[in-house]
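Step one of this worksheet: look at the structure below.
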Amino acid sequence: MEGARERLEAERREALRRLAGLTGDFEEVVAASRDTNADDEHDPEGATIAFERSQLATLVLQARRHLAEVEAALDRVAAGTYGTCERCGRPIAPARLEARPAARSCIACASAR
């Protein structure tokens, strides 16, 4: 379990770092759209500020969800249930946990969804 905790803590640090970067990028795009009166909606040369804002908002949401999954996995480690499928109760294969440390279900249950 100690190795799992270390992997999850590393994932958590990376998720927090990524979230901070994305949040900063998002705030910059929002500020840029406030500070200009340019009509980017009709700019044939590139993406609009609205598109960039939407794309960054989606990435921020994904990073927050991943962080929540990692924190839930850390809770499972503390509770002694990490590595047990939440659906069927069987052990999750070590290779799956290596690839997806925050996995909640075994491959069979994940495939059945």
Side-chain angles (χ1 to χ4, degrees):
M1 282 299 164
E2 195 56 40
R5 182 185 315 276
E6 290 171 6
R7 271 195 314 275
L8 289 166
E9 288 291 346
E11 286 247 350
R12 184 176 185 278
R13 284 189 300 275
E14 177 59 25
L16 287 170
R17 186 198 60 75
R18 184 163 190 241
L19 185 57
L22 288 169
T23 301
D25 291 348
F26 181 80
E27 290 169 357
E28 288 175 16
V29 168
V30 170
S33 68
R34 265 196 309 254
D35 296 340
T36 184
N37 61 358
D39 182 12
D40 70 318
E41 295 295 322
H42 299 95
D43 180 5
E45 297 298 319
T48 65
I49 290 175
F51 174 79
E52 289 178 31
R53 187 174 47 232
S54 175
Q55 190 173 34
L56 282 169
T58 299
L59 292 173
V60 166
L61 182 60
Q62 287 174 346
R64 285 184 179 149
R65 284 182 182 156
H66 180 67
L67 180 59
E69 286 294 319
V70 169
E71 289 177 343
L74 284 165
D75 290 344
R76 291 191 301 276
V77 168
T81 60
Y82 180 78
T84 301
C85 179
E86 291 181 349
R87 188 166 180 205
C88 70
R90 288 181 280 193
I92 299 172
R96 177 162 170 76
L97 291 173
E98 183 71 32
R100 293 194 52 159
R104 294 177 176 264
S105 58
C106 65
I107 291 174
C109 289
S111 298
R113 288 186 193 173

**Prompt:** Counting N and O atoms only, with roles assigned by atom type, does the side chain of Arg18 sit under 3.5 Å from a partner on the main chain of Arg13, one being a donor and the other an acceptor?
**Reply:** no

**For the student: nearest non-hydrogen atoms of Leu22 and Leu59, plus distance** = CD1-O, 3.6 Å

**Request:** Could you list the residues that satisfy side-chain contact (heavy atoms from CB on, under 4.5 Å) with Gln55, not counting sequence neighbours?
**Result:** Phe51

Atom pairs and distances, donor-acceptor, side-chain atoms in residues 89-100, under 3.5 Å, two or more places apart:
unit_1: Arg96; atom_1: NE; unit_2: Ser105; atom_2: O; d: 2.6
unit_1: Arg96; atom_1: NH2; unit_2: Ser105; atom_2: O; d: 3.4

**Prompt:** Looking only at atom types and distance, does a side-chain atom of Tyr82 sit under 3.5 Å from a main-chain N or O of Pro101, one as donor and one as acceptor?
**Reply:** yes

**Fill in**
So the side chain to side chain donor-acceptor pair (under 3.5 Å) pairs with at least one residue in residues 59-69 (sequence neighbours excluded) are Glu11-His66, Glu69-Arg104

**Message:** To the nearest 0.5 Å, what is the distance between CZ on Arg12 and CG on Leu74?
**Reply:** 7.5 Å

**Fill in**
The reported gap from CG in Leu16 to OG1 in Thr23 (rounded to nearest 0.5 angstrom) is 10.0 Å

